[in-house]
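A short write-up of the structure that comes next.
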Number of protein chains: 2
Amino acid sequence: MLREKGFKVTPQRLAICRFVLSSKEHPSVEKIYDKIQKVYPTISLATIYQTLHLLTKIGLLQEFALCNGSLRYDSNISPHLNLICKNCGKIIDYESEKINMFLSEIAKELELSLVGQHLELYVYCNQCK
Amino acid sequence: MLREKGFKVTPQRLAICRFVLSSKEHPSVEKIYDKIQKVYPTISLATIYQTLHLLTKIGLLQEFALCNGSLRYDSNISPHLNLICKNCGKIIDYESEKINMFLSEIAKELELSLVGQHLELYVYCNQCK
DNA sequence: GTTTAAATAATAATCATTATAAATTAGTTA
DNA sequence: TAACTAATTTATAATGATTATTATTTAAAC
């Protein structure tokens, strides 16, 4: 996909893709940097930021911020709920046909076309409740 | 509500409440600071931050961050959709009985109790589309 | 009016992100 | 395979938002 859109395929970008696109934990930039450094010790933080923004721009990632402002990256770009534990902060995705139905009903009601969504539900997870 | 919970009622807090609780535009800290300064020129930015966090803690406000990380304050604490224009950034609230129904169905499905939600739909608004 | 703990203001410190510029490299072409 | 070039990376400086600190002020209780 990078090559298709005219961007170069570098080992740094591959390493970041490998980790982030397979991650289900909505990692922060810091987490991503730590992880990539183990594989690629000389990588610069600027490259991490740049690459994450690029992957977001070409639609491979979704960028969002928790209510404390911390940036997170979600490799699940299909409509889903982010269940966020108020206590431990863990985020679990939840997909269901109900969500797609709800969104398309709403879009019809609004007479607007949706170009994206980010849905956060705050809960106490099974460990914390 | 401040007094009930043992916090002092100061003119600074009143000024911030007056503006933020009646605002429908999900203002940023900067916007709030600018607005309050006109009424209360000596107010400090630290007081703004502190008060907003306090009002959030006691449940009068909801704090969230746009995907670029900018903090916003929402005085509408009942379940609603935030329709965010991808182009101009304007946020419009949308309330509907469908949303409450959807959320309670989901909560039943998950066997978890929801303690809050923040729902963002990205669109192009009527001016921008 | 006094008292006292809480709140404010001013400013310094911190942290995350972006900008800059020199060095490196992927991908193209000869 | 070597040379070329524009894109990318790295290191670091700059920026901007938020939080911490501390002296001063003040709301609320007595």
Side-chain angles (χ1 to χ4, degrees), chain A residues 1-20 25-58 60-74 89, chain B residues 1-21 26-58 60-74 89:
Chain A
M1 274 194 72
L2 283 166
R3 207 172 275 129
E4 256 174 39
K5 308 232 174 185
F7 298 105
K8 291 185 177 174
V9 176
T10 66
Q12 291 92 333
R13 286 177 175 170
L14 280 177
I16 294 169
C17 283
R18 263 190 214 106
F19 172 59
V20 182
E25 351 153 1
H26 310 70
S28 63
V29 176
E30 202 190 344
K31 193 78 163 263
I32 295 166
Y33 183 48
D34 289 353
K35 204 82 180 187
I36 302 297
Q37 265 200 323
K38 287 181 187 145
V39 185
Y40 215 103
T42 65
I43 200 160
S44 157
L45 195 49
T47 303
I48 302 280
Y49 275 102
Q50 222 174 278
T51 303
L52 291 171
H53 289 152
L54 179 64
L55 296 177
T56 302
K57 205 176 67 179
I58 68 178
L60 287 172
L61 278 182
Q62 195 186 12
E63 192 174 55
F64 69 97
L66 298 183
C67 60
N68 60 25
S70 115
L71 269 189
R72 297 302 193 89
Y73 287 89
D74 192 343
Chain B
M1 275 195 70
L2 283 166
R3 207 173 274 129
E4 258 175 38
K5 308 234 173 185
F7 298 104
K8 290 186 178 174
V9 176
T10 66
Q12 290 92 332
R13 286 179 174 168
L14 281 178
I16 293 170
C17 283
R18 261 189 216 108
F19 172 58
V20 181
L21 295 181
H26 309 72
S28 64
V29 176
E30 203 191 342
K31 194 78 162 263
I32 296 166
Y33 182 48
D34 289 352
K35 204 82 181 187
I36 303 298
Q37 266 200 323
K38 287 181 186 144
V39 185
Y40 214 103
T42 65
I43 201 160
S44 158
L45 195 48
T47 302
I48 302 279
Y49 275 103
Q50 220 174 277
T51 303
L52 291 171
H53 290 153
L54 180 65
L55 296 178
T56 302
K57 206 176 67 180
I58 67 177
L60 287 172
L61 277 183
Q62 195 186 12
E63 191 175 56
F64 69 97
L66 298 182
C67 60
N68 61 24
S70 116
L71 268 190
R72 298 302 192 87
Y73 288 89
D74 191 345

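The model shown is predicted, which means the values in this text are computed figures rather than measured ones. Just so we're on the same page: letters track the sequence lines, and every chain starts at 1. Values reported hereafter were calculated over all heavy atoms of this structure, with side chains retained and with hydrogens, waters and symmetry mates removed.
From B:His26, atom NE2 reaches atom NZ of B:Lys31 across 12.5 Å, with rounding to the nearest 0.5 Å. Atom CD of A:Gln12 and atom SG of A:Cys17 lie 11.5 Å apart (nearest 0.5 Å). To the nearest 0.5 Å, the span separating CG on B:Leu55 from CZ on B:Phe7 amounts to 10.0 Å.
The residue among B:Lys8 and A:Leu54 whose nearest nucleotide of DNA chain D lies closer to the 5′ end is A:Leu54.
Distance from the side chain of A:His53 is smallest to C:dT18 among D:dT10, D:dT8, C:dT18. With C:dA9, D:dT10, D:dA27 as the candidates, the nucleotide lying closest to the side chain of B:Ser44 is C:dA9. Comparing C:dT8, C:dT11, D:dT8 by their nearest atom to the side chain of B:Thr51 picks out C:dT8. Among the nucleotides C:dA10, D:dT18, C:dA16, the one closest to the side chain of B:Val29 is D:dT18. Here D:dT10 is the nucleotide among D:dT10, C:dA9, D:dA28 with the atom lying nearest to any side-chain atom of A:Thr42.
Between B:Glu4 atom CD and D:dA28 atom P the separation is 14 Å, expressed in whole Å. Summarising the geometry, the separation between NZ on B:Lys5 and C1' on C:dA6 is reported as 18 Å, rounded to the nearest angstrom. Atom CZ in B:Phe7 sits about 17 Å away from atom P in D:dA27, given to the nearest Å. The interatomic distance linking B:Leu45 (CG) with D:dA17 (P) rounds to 9 Å, in whole Å. Distance, A:Arg3 CZ to C:dT28 C1': 13 Å, rounded to whole Å. For the pair B:Gln12 CD and C:dA6 C1', the computed distance is 12 Å after rounding to whole Å. Nucleotide D:dT19 holds its C1' atom 15 Å from the CD1 atom of B:Ile48, rounded to whole Å. Look at CZ on A:Arg13: it is 15 Å from P on C:dT25, rounded to the nearest Å.
Across residues 32-41 of chain B, not one residue has a non-hydrogen atom less than 4.0 Å from an atom of DNA chain D.
Comparing the local axis fitted to the first five base pairs of the helix from C:dG1-D:dC30 to C:dA30-D:dT1 with the one fitted to its last five gives a bend of 30°, rounded to 10°.
Within the nucleic acid shown, A:Ser70 has no heavy atom closer than 4.0 Å to any nucleic acid atom.
Between A:Thr47 and A:Ile36 there is no side-chain heavy-atom pair separated by less than 4.5 Å. Within the 4.5 Å cutoff, the side chain of B:Arg18 has no heavy atoms near those of the B:Val39 side chain. A heavy-atom distance below 4.5 Å is found between the side chains of A:Tyr73 and A:Thr56. Inter-residue side-chain proximity for B:Ile43 and B:Ile16 is flagged as met; some heavy-atom pair is nearer than 4.5 Å.
Between B:Gln50 and C:dT8 there is a side-chain N or O to OP1 or OP2 distance below 4.0 Å. Taking 4.0 angstrom as the limit, B:Thr47 places a side-chain polar atom (N or O) nearer than this to OP1 or OP2 of C:dA9.
Just one residue in the list A:Leu60, A:Leu54, A:Leu14 forms a side-chain contact (heavy atoms from CB on, under 4.5 Å) with A:Leu2, and that residue is A:Leu54.
For A:Lys8, there are no salt bridge (charged side-chain N to carboxylate O under 4.0 Å, His left out) partners, not counting sequence neighbours.
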CA sep, side-chain torsions, deciding dist, call: A:Glu63, A:Leu52, side-chain contact (heavy atoms from CB on, under 4.5 Å): CA-CA 8 Å; A:Glu63 192 174 55; A:Leu52 291 171; 5.5 Å; no

